[in-house]
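Letters A, B, ... mirror the listed sequences (proteins, then strands); counts begin at 1.
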2 protein chains.
Amino acid sequence: MRLSEPVEWALHCTTVLALVPPDGAVPSSKLAEFHGVPAAYLAKSLQSLSRAGIVESVAGRSGGYRLAKAPADVTLLDVVEAVEGRESSFHCTEIRKRGPARVSPRLYSPVCAIAEAMYRADEAWRAELRNTTLADLLQRLATTIPTQAVAKGTAFLQEVLS
Amino acid sequence: MRLSEPVEWALHCTTVLALVPPDGAVPSSKLAEFHGVPAAYLAKSLQSLSRAGIVESVAGRSGGYRLAKAPADVTLLDVVEAVEGRESSFHCTEIRKRGPARVSPRLYSPVCAIAEAMYRADEAWRAELRNTTLADLLQRLATTIPTQAVAKGTAFLQEVLS
DNA sequence: GTATATCCGGATAACTAATATCCGGATATA
DNA sequence: TATATCCGGATATTAGTTATCCGGATATAC
């Protein structure tokens with residue numbers, strides 16, 4: 001079980017966009033350059049984030065993306081689900097209703113005991129992601145990224161926004 | 001993010017094997033028939049469970065598999081990790097150290113803030129799986145599977161064990 | 001003692017999903 | 001008016017999942 005790369009990109013992009021003023025906009029090509037990831041593919045993820053209402057897209061020249069809500073109102077789950085989808089990590093194929101021991105399908109409980117447990121774990125994962133926001137990430141930024149790098153990053157963003 | 005099919009099979013197989021007496025053994029072909037899944041492929045999963053010490057393999061004619069521990073001592077996480085691996089669902093590619101804002105790699109904190117949060121969610125998922133055992137599943141069996149099906153299942157196992 | 005049924009690991013094939021790029025249309029700014 | 005962007009669809013490439021087969025080892029049934 002592995003999350004796709006675009007999830008990581010989307011989390012980094014939304015974190016960076018949280019630093020952009022409400023009237024600014026960063027084009028997808030610049031976000032790709034900033035993070036060192038393929039531009040054409042990243043564009044797809046940004047479109048997903050836009051459809052989900054997490055970022056706002058600005059068309060036309062000097063357009064781009066900005067955050068659509070306050071950083072404290074965007075959870076990691078919002079971002080992850082926008083890119084990765086909302087389906088459970090476990091997919092029940094109703095094995096219990098197959099094979100020589102099977103009886104009429106309508107006699108079974110609505111959900112298999114194994115699926116039940118797996119769904120519970122999936123929900124625990126989502127609950128934890130729901131518990132962290134972009135604002136939380138921004139706070140940790142100062143201790144996980146060198147001040148020099150933060151300075152270079154803000155300089156790059158200034159350049160793009162001007 | 002999706003778990004592979006063999007995970008579901010392994011959970012159903014270990015649950016069934018929990019009903020087998022300590023001196024019995026169910027061949028992989030019979031487990032495949034019982035669950036209506038491809039025999040040659042299921043065999044791989046059972047080998048994984050065997051390597052992980054969750055099931056015990058008996059070679060030779062009238063051989064097969066049995067549980068290696070008491071059902072209460074086998075967590076769902078044990079089974080899932082045996083088949084799916086122990087790697088986190090999130091894989092950090094150190095995006096923060098790339099692009100125009102990067103500085104010398106050794107200046108960064110050991111783990112990225114985003115990865116930190118994602119690892120925490122992954123651990124919450126594992127914690128939940130660690131909290132349920134095969135014994136718990138067996139208890140729920142009576143309410144999720146019709147008595148008729150349970151009877152047919154035990155009859156099938158009796159036939160195999162004799 | 002021999003034939004049979006099983007586990008085991010490796011090699012291989014088919015299929016599906018993830019990764020990545022490109023293009024034409026729409027939109028809005030310089 | 002030309003340019004730079006977002007958007008969605010189509011397509012290609014790569015990697016992972018699903019699935020099968022085979023030969024060797026092991027132990028039971030006859």
Under 3.5 Å: donor-acceptor pair, side chain of Asp122(A), backbone of Ser88(A):
no
Arg130(A)/Glu81(A) ion pair, N-O < 4.0 Å
no
Are the charged groups of Glu128(B) and Arg126(B) less than 4.0 angstrom apart, N to O?
no
Residue pairs meeting side-chain hydrogen bond (donor to acceptor under 3.5 Å, both in side chains), one or both in residues 142-151 of chain B, sequence neighbours left out, come to Arg140(B)-Thr143(B)
Between Val26(A) and Tyr65(A), is there a side-chain heavy-atom distance shorter than 4.5 Å?
no
Would you please enumerate the stems DNA chain C participates in, each stem being three or more consecutive Watson-Crick or G-U wobble pairs with both distances under 3.5 Å?
C:1-30 with D:1-30
Mind checking what makes ring pair (Phe, Tyr, Trp, His ring centres under 6.0 Å) contact with Phe156(B), not counting sequence neighbours?
Phe34(B)
Opening and closing nucleotides of DNA chain D in contact with chain A, under 4.0 Å to non-hydrogen atoms
dT3(D) to dG9(D)
Across all chains, not counting sequence neighbours, the ring pair (Phe, Tyr, Trp, His ring centres under 6.0 Å) partners of Trp9(A) are Tyr41(A)
Heavy atoms within less than 4.0 Å of DNA chain C: which residues of residues 153-162 of chain A have one? Give them sorted by number.
none
Between dA17(C) (C1') and Met1(A) (CE): distance, integer Å:
17 Å
For DNA chain D, which residues of residues 47-67 of chain B approach it to below 4.0 angstrom with any heavy atom?
Ala59(B), Gly60(B), Arg61(B), Ser62(B)
Counterpart residues, ring pair (Phe, Tyr, Trp, His ring centres under 6.0 Å), relative to Tyr108(B) (two or more places apart):
none
Can you name the side-chain contact (heavy atoms from CB on, under 4.5 Å) partners of Glu87(A), sequence neighbours left out?
none
Can you tell if the side chain of Leu11(A) reaches within under 4.5 Å of the side chain of Ile95(B), non-hydrogen atoms only?
no
May I have all residue pairs that pass salt bridge (Lys or Arg N to Asp or Glu O under 4.0 Å) and include part of residues 29-54 of chain B, sequence neighbours excluded?
Lys30(B)-Glu33(B)
Under 4.5 Å between any side-chain heavy atoms of Leu49(A) and Val79(A), yes or no?
yes
Check: Asp73(A) and Thr133(A) side chains under 4.5 Å, non-hydrogen atoms
no
Going by atom types alone, do Glu5(A) and Thr93(B) pair a side-chain donor with an acceptor below 3.5 Å?
no
Where along residues 24-44 of chain B does a heavy atom come under 4.0 Å from DNA chain D, residue by residue in number order?
Pro38(B), Ala40(B), Tyr41(B), Lys44(B)
Residues passing the side chain to side chain donor-acceptor pair (under 3.5 Å) test with Arg106(A), sequence neighbours excluded, are Ser104(A)
